[in-house]
Asks: 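Sharing a structure with you now.
Remember, it's 1-based here, ligands and their atoms both numbered in the order they're listed.
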Amino acid sequence: MKTLAVLHASQLVTLAGAPRPRVGPEMRELRIVANGGMLLRDGIIVATGSSDEIARSVPADAELVDAGGRVVLPGFVDAHAHPVFAGNRVDEFEMRTLGASYEEIAAAGGGIQSTVRKTRAATEAELEQQALTHLQRFVACGTTTLEAKSGYGLSVEDELKILRVIRSVAARSPLEIVPTFLGAHAIPAEFDGDVERYAALVIDEMLPLVAAGGLAEYCDIFCEQGYFDIATARQILEAAKSHGLALRMHVDQLTNSGGASLAAEVGAATADHLEQTDADGIAALKRANVQPVLLPGSVYALGKTRYPRARDMIDAGLAVVLSTDFNPGSSPTQSIPMVLSLAATQMKVTPAEGVTSTTVNAACSLNRFDEIGSLEPGKLANFSIFDCDDYRELAYFFGIPQTHAVYVCGVEAFRV
Ligand code: NIG
Ligand code: FE
């Protein structure tokens, strides 16, 4: 039995409370213990309290972690990311600075398709190597659980290849990884816009293999003009459900196609992006208890200005989640603190609401609230120590690393 005591946290941000997503004013209740501490045994939290209290109950053979007056938070849970791909899109990034739009670049054969070409050409070992480098940066920013989507293969063989890479890097990285099948990310070039024929491939060949191999927990889809329309999305998502997969969806990112309402209709766990979602869409999400996953990094990096209506969503009682959307095209960042900064400055989400959105609420959206998302007895000892003495500094400072150390199941995964 290995015992660890974390002492002298200026703030132990526990987020203790009801085992369910936090909504409305609850999103500002972080249950902070000033000068806090924690006792951990075999990777599980045994007690939280004041540092003095914890110090009194520490067994003689315990290992001590001195937080040194820094802030301690639950490990961030990043509920939307695309971490497995080959190459990058720095050339397109430069084209956008010169005036081309994301949509124009995609229409000219760039965008998702250009990453698909490179990813198909890469070996599993190459993809693993690149993904592990990306994953290490998530950990360095304080993330301990990551949702990981396929979606840059778009053929039976290449989608399975990516899902196998996700599985193998999960075993080699300290991050806990939740796999999502995103075969319906775009219509591959060789299908020449024949969405029906590609949807049939996804439904008849990909989904059965993904489900039989236990390669994904969730199925996602890019519901957007020029990608998958509402009717096709419905078909694919219903098929995914019949294979036992739960649903997440990319909706209303570039245009409002009624994707939020479809997410409500099919009972998706989450509806993600929502930049163009209106009051009707918000009401539909509320009626069906779908969690919105907001991705301000993708708005920022595409140089757009229309952020999702986070305040309206919080005020409507939705259990908002914030995530990075890490991918090579629209959101090349692994940093949840950067997302907290964008959420505060661009969407008027308070730092406390931001922390709730990236811990407890994100954990609920991945059906993992029993184990992660807050610092409470019985949960995994996944936590980060940040170089500040007030948690709000995580959203206030931007573009600089503030992580001091990260622990997963009580084991050090990162330290400056
Ligand atoms: O979430 N919108 C679709 N998928 C990604 C972008 C993918 C890419 O450009 O490679 C997103 O923004
Ligand atoms: Fe995405």
Asks: Under the criterion side-chain contact (heavy atoms from CB on, under 4.5 Å), which of Thr356, Leu295, Val293 is the partner of Val321?
Replies: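 Filter result, single survivor: Val293.
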Asks: Can you confirm whether Gln402 sits close enough to Glu393 that some side-chain heavy atom of one is under 4.5 Å from a side-chain heavy atom of the other?
Replies: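 Touching, per the 4.5 Å side-chain cut-off.
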Asks: How are the rings of His80 and His273 set relative to one another: parallel (under 30°), tilted (30 to 60°) or perpendicular (over 60°)?
Replies: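 His80 and His273: perpendicular rings.
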Asks: Can you list the protein N, O or S atoms less than 2.8 Å from the Fe ion (ligand 2)?
Replies: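 Less than 2.8 Å away from the Fe ion (ligand 2) sit His80 NE2, His82 NE2, His250 NE2, Asp325 OD1.
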Asks: Side chains of Pro296 and Met347: does their closest heavy-atom pair fall under 4.5 Å?
Replies: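 In short, these two side chains touch, coming nearer than 4.5 Å.
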Asks: Between Lys304 and Tyr102, is NZ or CZ placed under 6.0 angstrom from the six-membered ring centre and within 45° of the ring axis?
Replies: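 The answer is no; the distance or angle limit is not met.
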Asks: Identify all side-chain donor-acceptor contacts of residues 233-241 below 3.5 Å with residues at least two apart in sequence or on another chain.
Replies:
from	atom 1	to	atom 2	distance (Å)
Arg234	NE	Glu265	OE2	2.7
Arg234	NH2	Glu265	OE1	3.1
Lys241	NZ	Val266	O	2.9

Asks: Any idea which residues sit under 4.0 Å from ligand 1, heavy-atom distances?
Replies: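 Within 4.0 Å of ligand 1, the protein residues are His80, His82, Arg89, Tyr102, Ile112, Tyr152, His185, Phe222, His250, Gln253, His273, Asp325, Asn327, Gly329, Ser330.
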Asks: Under the side chain to side chain donor-acceptor pair (under 3.5 Å) rule, what pairs show up with a residue in residues 208-228, not counting sequence neighbours?
Replies: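 Of all non-adjacent pairs touching residues 208-228, those that pass side chain to side chain donor-acceptor pair (under 3.5 Å) are Lys149-Asp220, Glu217-Arg368, Asp220-His250, Glu224-Thr255.
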Asks: Using the benzene-type ring in the case of Trp, are the ring centres of Phe222 and Phe228 under 6.0 Å apart?
Replies: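 Ring-ring flag for Phe222/Phe228: false, centres at least 6.0 Å apart.
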Asks: Assert yes or no for the condition that the ring centre distance of Phe386 to Tyr396 is strictly below 6.0 Å.
Replies: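 Centroid distance Phe386-Tyr396: not below 6.0 Å, so no.
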